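Heads up, the thing below is written out as structure tokens.
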Amino acid sequence: DGGITQSPKYLFRKEGQNVTLSCEQNLNHDAMYWYRQDPGQGLRLIYYSQIVNDFQKGDIAEGYSVSREKKESFPLTVTSAQKNPTAFYLCASIDSGGSHTGTDTQYFGPGTRLTVL
Amino acid sequence: SQQGEEDPQALSIQEGENATMNCSYKTSINNLQWYRQNSGRGLVHLILIRSNEREKHSGRLRVTLDTSKKSSSLLITASRAADTASYFCATDEIGSNYKLTFGKGTLLTVNP
């Protein structure tokens, strides 16, 4: 059963704590992405990685960190420096092995809802 | 930054009616994609239209793209209650290297 999994589905964090959100894919996709979604809003890009051991900041990277040690895994850490972390976090991946072929769609995981207590 | 801007923000229709959502963007693109999101879930890809295409169909979906006006529309024909969801457009900007920019979405409610 191929796809993207995110865990946990719900996560509660106390102020000042770091938490790590998991994202795993078995689609053999090269690129992976983390988005944040606030209520009634679109998706904002936090970080993305196009290849193992490499990643770039998105539009709202402050207070977040990532790693890409394996092709199938792209965990996101929400640090205590993120002042307003309560949001819905979505991970996605894409097979970017070739040029733009018209099949450049992103596959999304089910999301993790993070709440700061 | 949010490039795609959907219009309207919310749309409520009766089952069987058609639903039209619009998306405007600002820069040159490789392609434009539409995604659907049910409440509290991940996004599901619906349809992709490339910059050299003007219209595309997939089942009850029809997408148009006008690159001169930097706009796209998504038409859902013969809507069903199960179509109730948020719909997002996403642009793949030239030079972005597979980084999509999403709009804020249109919340579609189809009443039975």
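By convention in this document, chain letters (A, B, ...) are assigned in the order of the sequence lines, proteins followed by strands, and residues within each chain are numbered from 1. Please read these numbers as outputs of a predicted model, since none were measured by experiment.
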Look at atom CD of B:Gln9 and say whether more than 12 heavy atoms of other residues, nucleotides or ligands are closer to it than 6.0 Å. no
How many angstroms lie between atom CZ of A:Phe108 and atom OH of B:Tyr35, to the nearest 0.5 angstrom? 5.5 Å
Do A:Ile60 and B:Phe88 sit in the same hydrophobic cluster, where Ile, Leu, Val, Met, Phe, Trp and Tyr count as joined when their side-chain heavy atoms come under 4.5 Å apart? no
Could you grab the distance from atom CG of A:Leu43 to atom OG1 of B:Thr101, nearest 0.5 Å is fine? 11.0 Å
Applying a strict under-4.5 Å side-chain criterion to I, L, V, M, F, W and Y, I'd like to know whether A:Leu90 and A:Leu114 cluster together. no
Do B:Leu100 and A:Ile94 touch side chain to side chain, with heavy atoms closer than 4.5 Å? no
Please indicate whether A:Ile51 has more than 12 foreign heavy atoms, meaning atoms of other residues, nucleotides or ligands, lying under 6.0 Å from its CD1. no
Any heavy-atom pair between the side chains of B:Lys99 and A:Tyr48 that's under 4.5 Å? yes
Decide whether B:Gln33 and A:Gln106 meet the rule of one side-chain donor and one side-chain acceptor closer than 3.5 Å. no
Co-membership, hydrophobic cluster, residues A:Leu76 and A:Tyr107, 4.5 Å side-chain: no
Decide whether A:Ile4 and A:Tyr47 are clustered together by the hydrophobic rule: side chain heavy atoms of Ile, Leu, Val, Met, Phe, Trp, Tyr closer than 4.5 Å, transitively. no
Are A:Phe88 and B:Gln37 close enough, and set up right, to give a side chain to side chain contact (heavy atoms under 4.5 Å, CB included), and what steps lead you there? CA-CA 13 Å; A:Phe88 189 50; B:Gln37 183 183 35; 3.8 Å; yes
Among A:Gln37, A:Arg113, A:Gln6, which has the most heavy-atom pairs under 4.5 Å with chain B? A:Gln37
